[in-house]
Every structure is written in C-alpha cells, then in structure tokens.
Amino acid sequence: QVQLVETGGGLVQAGGSLRLSCTASGRTFSRLVMGWFRRAPGKEREFVAAITRGGGSTDYSDSVKGRFTISRDNAKNTAYLQMNSLKPEDTAVYYCAASGTFYSRVQDDYAYWGQGTQVTVSS
C-alpha cells in the first residue's frame, strides 16, 4: 500500500505562485509514476501533470503547460507541483496520485491517491 499526503495549498492572488508537495510512504518511491489532478467545484476531476519514475519525462494538460512544473526528489519521497502565473480558473482541490504501472493521464491508471489540498486564486 502507498499513502500520499499533499501540502502547500492556500489562497493567492491572480498572477501569484504556489508550490504543492506530495510525500509518499509505504512503497519504494522511485518505482512510482507520480501525477497531479484537480477538481474544481461542480466539475469532474481532471489531469494536470505527470512525471516518470526517474523524473526524466513530464506531461502537462494544455491548460497548465508553460505555467506549472512537476518535479520529484526521490531521496525525499516527495513530488512537487510548482504553480506560477495562477489564474482564478486554477481554483480547485489538487490531488496527488501514484501509479506502479503506467505513465498516464488516465485517472484509473493511478491506484493511490492523497486527500487533496485546496488552492484558491482570487481576482
């Protein structure tokens, strides 16, 4: 089993930045593909970003590409999402997810999920 805990959410003004962290326990972290998803109020959860086991490749949704950066530090069992140039439409609960098998945008490919952290961007 893998346990994931997200931190770093909060309230920021449009144009500002936040860095989310996701710390994993229960399984060798370097063997997990890590991803970030988000759910805005009244909407379905959507893919944000993913990173391969060694951090050599990344993938982003079109809505965040160029503004967000996913990274990982395997020595710290932690994945990050650096969010710059934030917009009100980025307001959502952000979820960290882990997959032991797939490097993917598909939610069902991720077996492990954190509880989520709230990000609110004001205008």
Side-chain angles (χ1 to χ4, degrees):
Q1 188 181 2
V2 175
Q3 296 178 347
L4 305 174
V5 178
E6 304 100 331
T7 60
L11 174 64
V12 297
Q13 294 181 331
S17 298
L18 281 175
R19 189 182 74 161
L20 307 183
S21 298
C22 173
T23 300
S25 62
R27 186 172 173 177
T28 303
F29 183 72
S30 62
R31 296 178 180 174
L32 296 169
V33 172
M34 301 301 297
W36 288 95
F37 295 78
R38 67 186 182 184
R39 181 181 58 79
K43 297 183 178 180
E44 297 293 322
R45 190 161 58 189
E46 65 177 0
F47 170 79
V48 175
I51 188 166
T52 52
R53 294 169 177 83
S57 296
T58 57
D59 189 25
Y60 300 93
S61 68
D62 289 342
S63 62
V64 308
K65 191 172 185 179
R67 300 187 297 121
F68 291 10
T69 302
I70 187 171
S71 62
R72 66 191 296 160
D73 186 341
N74 287 350
K76 296 181 178 179
N77 290 351
T78 301
Y80 304 93
L81 186 68
Q82 178 67 47
M83 304 184 294
N84 298 328
S85 301
L86 283 162
K87 305 174 181 179
E89 49 263 47
D90 294 319
T91 295
V93 176
Y94 283 72
Y95 297 90
C96 176
S99 173
T101 307
F102 300 108
Y103 175 52
S104 174
R105 296 184 173 199
V106 179
Q107 294 184 53
D108 285 350
D109 287 341
Y110 291 81
Y112 310 105
W113 293 82
Q115 292 290 107
T117 186
Q118 177 71 47
V119 172
T120 302
V121 184
S122 65
S123 60

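None of these values were measured; they are calculated from a predicted model. The analysis underlying the following values was restricted to heavy atoms, covering all of them including side chains, and did not include hydrogens, waters or symmetry mates.
- Connection of F68 to I51 is established within a shared hydrophobic cluster, with ILVMFWY side chains joined at heavy-atom distances below 4.5 Å, either directly or through further cluster members.
- Just one residue in the list V121, T120, V119 forms a side chain to side chain contact (heavy atoms under 4.5 Å, CB included) with L18, and that residue is V119.
- Under the 4.5 Å side-chain criterion, counting only non-hydrogen atoms from C-beta, F29 is in contact with M34.
- Atom CD of residue Q118 and atom CD of residue E6 lie 12.0 Å apart, to the nearest 0.5 angstrom.
- Two residues are said to be in side-chain contact when any heavy atoms from C-beta on lie closer than 4.5 Å; Y95 and L4 fail this criterion.
- Proximity of a side-chain donor or acceptor of R53 to a complementary backbone N or O of S30 within less than 3.5 Å is not detected.
- Hydrophobic clustering (side-chain heavy atoms under 4.5 Å, transitive across Ile, Leu, Val, Met, Phe, Trp, Tyr) groups F47 together with V93.
- Listed by first and then second residue, the disulfide (SG to SG under 2.5 Å) pairs that reach into residues 18-122 are C22-C96, sequence neighbours excluded.
- Heavy-atom contacts from other residues, nucleotides or ligands closer than 6.0 Å to CD of E89 number more than 12.
- The main-chain N or O of Q107 is never found under 3.5 Å from a side-chain atom of R45 such that the two would form a donor-acceptor pair.
- Hydrophobic clustering (side-chain heavy atoms under 4.5 Å, transitive across Ile, Leu, Val, Met, Phe, Trp, Tyr) groups V12 together with L81.
- Of all heavy-atom pairs between Y60 and A49, the closest is CD2-CB, 3.7 Å.
- V33 and W113 end up in the same hydrophobic cluster when Ile, Leu, Val, Met, Phe, Trp and Tyr side chains are linked at under 4.5 Å.
- With contacts defined as side-chain heavy-atom distances shorter than 4.5 Å, the pair R38/V64 qualifies.
- Residue D73 comes nearest to Y80 through the heavy atom pair CB-CE1, 4.1 Å, listed as atom of the first residue, atom of the second, then distance.
- For the ring pair (Phe, Tyr, Trp, His ring centres under 6.0 Å) test with Y110, the passing option among W36, F37, F102 is F37; the others fail.
- Sorted by first then second residue, the side-chain hydrogen bond (donor to acceptor under 3.5 Å, both in side chains) pairs that include residues 8-19, not counting sequence neighbours, are S17-N84.
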